[in-house]
Amino acid sequence: REHPVLRGVKDIWAITDVYGIKSLPSDAEVLVWGQPTAGLTEDSPGIWQKSVMPIAWTQFYPAGSGKKGMSFTTTMGTSEDFLSEDLRRLVVNACYWATGLEESIPAEGNVDYVGSFNPTKFGMGDYMKNKKPEDFK
């Protein structure tokens with residue numbers, strides 16, 4: 001809870017499933033753990049037979065310049081996941097942290113949408129050939 005990336009983050013619920021991480025580096029610092037649920041709503045009960053999994057973590061790595069690089073990873077990130085204000089805050093805070101601005105992370109920064117946000121559902125087999133981002137405006 002003391003990591004700067006978690007500043008102001010209280011509760012994240014995302015529709016993305018909790019994915020198994022088979023080779024989490026030993027020097028990764030897990031910031032958020034996830035529990036699968038029996039449904040796709042915030043009040044769905046947890047599936048306790050499944051493991052709690054890391055869903056957001058940081059790691060340092062050697063950069064080519066001899067300096068240490070900083071990385072943030074999360075398994076969350078579908079468009080619907082970003083309905084969670086605290087997930088948006090987590091990602092914004094991670095950007096501050098990874099660029100060396102952790103002291104500038106506000107206690108409760110504004111992570112409101114700029115303009116309208118109408119996330120689309122994700123799914124298998126929904127790919128549409130020959131579509132470009134501008135086709136969805």
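For the single chain, residues carry numbers from 1 onward in sequence order. Values in this document were obtained by computation on a predicted structure and should not be read as measured data.
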*I55 CD1 to I21 CD1 distance, which is reported to the nearest 0.5 Å*: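 Rounded to the nearest 0.5 Å, the CD1-CD1 separation comes out at 9.5 Å.
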*Can you tell me how far CG of L90 sits from CZ of R7, rounded to the nearest 0.5 angstrom?*
13.0 Å
Heavy-atom closest pair, residues [X] and [Y]:
X    : Y   : result
L87  : M76 : CD1-CE, 3.6 Å
L31  : L6  : O-CD1, 3.8 Å
I105 : V5  : CD1-N, 4.4 Å
T16  : G77 : OG1-N, 4.0 Å
A14  : D81 : CB-OD1, 3.3 Å

*Does D27 have any side-chain contact (heavy atoms from CB on, under 4.5 Å) partners at least two apart in sequence or in another chain, and if so, which?*
P25, Q59
*Validation row, ring centre F60 to ring centre W97 under 6.0 Å*: yes
*Are Y96 and S104 close enough, and set up right, to give a side-chain contact (heavy atoms from CB on, under 4.5 Å), and what steps lead you there?*
CA-CA 7 Å; Y96 276 93; S104 300; 4.0 Å; yes
*Evaluate side-chain contact (heavy atoms from CB on, under 4.5 Å) for T58 paired with T73, printing each intermediate quantity in order.*
CA-CA 6 Å; T58 59; T73 305; over 6 Å; no
*So, the side chain of S79 versus the backbone of T120: is there a donor-acceptor pair under 3.5 Å, distance only?*
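Such a contact is found between S79 side chain and T120 backbone.
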Within the 4.5 Å heavy-atom criterion, are [X] and [Y] side-chain neighbours or not?
X   : Y   : result
F72 : N93 : no
V32 : P54 : no
W57 : T74 : no

*Before accepting this row, confirm whether a basic side-chain N of the pair D86/R89 lies closer than 4.0 Å to the acidic partner's carboxylate O.*
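Yes, charged N to carboxylate O under 4.0 Å.
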*Can we say E108 and K10 salt-bridge, meaning some charged N sits less than 4.0 Å from an Asp/Glu carboxylate O?*
yes
_Pair R88-Y113, side-chain contact (heavy atoms from CB on, under 4.5 Å): steps then yes or no_ = CA-CA 9 Å; R88 296 191 309 270; Y113 305 116; 2.8 Å; yes
*Where do V91 and F82 land on the side-chain contact (heavy atoms from CB on, under 4.5 Å) test, with the steps shown first?*
CA-CA 10 Å; V91 172; F82 285 101; 4.0 Å; yes
*Examine M53 and L24 and state if one hydrophobic cluster contains both, with Ile, Leu, Val, Met, Phe, Trp and Tyr joined whenever side-chain heavy atoms are less than 4.5 Å apart.*
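Shared cluster, no.
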